[in-house]
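Just so we're on the same page: letters track the sequence lines, and every chain starts at 1.
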Protein chains: 2
Amino acid sequence: MARAAATKGQTRIQREKTEQILEAALEVFARNGYRGATIDQIAEQSGLSKPNILYYFDGKRAIHGELLGRLLDTWLEPLEHLTDDGDPVEEICDYVRRKLEMARDYPRESRLFANEILQGAPHIVDELSGPLKQLTDEKARLINGWIKAGKIAPVDPYHLIFSIWATTQHYADFDVQVQAVLGDKAASRFGAAQAHLEGMYRALLSSKG
Amino acid sequence: MARAAATKGQTRIQREKTEQILEAALEVFARNGYRGATIDQIAEQSGLSKPNILYYFDGKRAIHGELLGRLLDTWLEPLEHLTDDGDPVEEICDYVRRKLEMARDYPRESRLFANEILQGAPHIVDELSGPLKQLTDEKARLINGWIKAGKIAPVDPYHLIFSIWATTQHYADFDVQVQAVLGDKAASRFGAAQAHLEGMYRALLSSKG
DNA sequence: GGATTTTCTGACCATATGGTCAAAATTATG
DNA sequence: CATAATTTTGACCATATGGTCAGAAAATCC
């Protein structure tokens, strides 16, 4: 039997079908939320039968859990790239750009995450107050260092990071609203957003406190 | 029979029970999303029996619809207050403050709205591209006027408004995450957010283009 | 206080949904 | 190619859930 979870010692079929299921599940969970998603929908989306899906995963919860687990790494990655290498303002603007690109290129992942947090993050509370908090603390210290060195304007590093998360993910999570409001201007929404956000964070970080 | 919807010609009991149900439903829908919410949960939360709830509303959808309808007015209100009265920067900062206060004082409403948008706004697409778009267009013109008059720095008014929505609602919709990351600093999150956001939008709007 | 209207409830129904299982079909393996 | 292991499926099951309904309980009206 399969009942995958580990990524080692799997047959080709196991690997392929597992990915196939996760791809379909991402689509379905992102569109309908956890409760709104059904195994039947995942089955249809993936082209597999329901029992076949349950042959590879120990239930709906397990599929969702696997998706969230993988997602979190992807999610933390852009923030990890925030380092002391170049100019602080450019570093942060780069981070904003990467996050916005993720919202544009991986909206389903963003929505999956948003859904989970909105419901109180029942499945990933530990990851939030563990890895996510640690990484954020680390980057907050980095930003505080820049402030103390007078390289950027004094801002609350945590709320700066929250602002970046909020403003970038907004374009994935609330895309319907963005498109409805922009109307025929919607096509260029990501380009315009990039320009606006870069200007905003540049102004904030370069302002004279 | 009752089957309320109109707010006219109702008995005292009808008005009371209707409110009771909506209050409970707001709690349940905000916490679990539309699909995740059950009439039984609303029944328990409100202290009424399931059939009794269905005596006042034509089904789950109708309860949700009524909530969303009322919510939209509340939602648009702060933006309507954005007028040409005082100093533009102060006007916008006031708007930010009001929105943040709403996130703090009415997080359930914010989550209900966020849930709906995340799912593609199936029940309120018309309101988004209708009233919401109109109001946003109007305020965007107002902001553009300020820019042309040289009263604030040149920014894309639509994306400025999106930023304000995103950064303020974030503290309601993603509260679990915010609290997890802030840890013991979480208690003062709204005060800190207010200071940070005011500083951010002030810097943006006062920046020399 | 009795009739009438409104409100409420227990019992019930139909469907959706997560999940199981034995057996069939397929794919390695020797 | 025969055997063993893996993969797939149709048929089911148990439960949850939205919703109905006839009649009971309250409230209102005359």
query = Can you list, by residue number, the residues of residues 29-46 of chain A that have a non-hydrogen atom closer than 4.0 angstrom to DNA chain D?
reply =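 Heavy-atom contacts with DNA chain D come from A/Arg35.
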
request  = Can you check whether any acceptor in the base of C/dG18 is under 3.5 Å from a donor in the side chain of A/Lys50, or vice versa?
outcome  = yes

Let me know the distance between [atom1] of [X] and [atom2] of [N], rounded to the nearest Å.
X       : N      : atom1 : atom2 : value
B/Ile53 : C/dG10 : CD1   : P     : 13 Å
A/Lys17 : C/dT26 : NZ    : P     : 12 Å
B/Arg15 : C/dT7  : CZ    : P     : 11 Å
A/Tyr55 : D/dG10 : OH    : P     : 17 Å
B/His64 : D/dG18 : NE2   : P     : 13 Å
A/Phe57 : C/dT20 : CZ    : C1'   : 18 Å
A/Leu54 : D/dA11 : CG    : P     : 18 Å
A/Ile63 : C/dT17 : CD1   : C1'   : 13 Å

Within a strict 4.5 Å, meaning less than it, do heavy atoms of the [X] and [Y] side chains meet?
X       : Y        : result
A/Trp75 : A/Lys99  : yes
B/His64 : B/Glu116 : yes
B/Leu48 : B/Gln20  : yes

ask   = Is the shortest side-chain N/O distance from A/Ser49 to OP1 or OP2 of D/dT9 below 4.0 Å?
value =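 Yes, A/Ser49 has a side-chain N/O under 4.0 Å of OP1/OP2 on D/dT9.
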
ask   = Is the phosphate of D/dT7, meaning OP1 or OP2, less than 4.0 Å from a side-chain N or O of A/Asn52?
value = no

ask   = Applying the side chain to side chain contact (heavy atoms under 4.5 Å, CB included) test to A/Lys139, which of A/Ile92, A/Leu160, A/Leu79, A/Asn144 qualifies?
value =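 Between A/Lys139 and the candidates, side chain to side chain contact (heavy atoms under 4.5 Å, CB included) is satisfied uniquely by A/Leu79.
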
message = With nearest nucleotide decided by heavy atoms, which residue, B/Ile13 or B/Arg61, maps closer to the 5′ end of DNA chain D?
response = B/Arg61

request  = Determine yes or no for a side-chain-to-main-chain donor-acceptor pair under 3.5 angstrom, with A/Lys60 supplying the side chain and A/Tyr34 the backbone.
outcome  =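 Yes; judged by distance alone, with no hydrogens or angles, the pair exists.
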
note = Of the listed C/dC8, C/dT9, C/dT7, the closest approach to the B/Gln14 side chain comes from C/dT7

task = Can you figure out which of C/dA11, C/dC21, D/dT7 approaches the side chain of A/Tyr56 most closely?
result =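 Between C/dA11, C/dC21, D/dT7, the one nearest the side chain of A/Tyr56 would be D/dT7.
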
query = Do the rings of A/Phe162 and B/Tyr171 sit parallel, tilted or perpendicular, given the 30° and 60° boundaries?
reply =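 Perpendicular: the ring planes of A/Phe162 and B/Tyr171 meet at over 60°.
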
ask   = Is the number of heavy atoms from other residues, nucleotides or ligands under 6.0 Å of A/Glu80 CD greater than 12?
value =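 Enclosed: over 12 neighbouring heavy atoms sit under 6.0 Å from CD of A/Glu80.
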
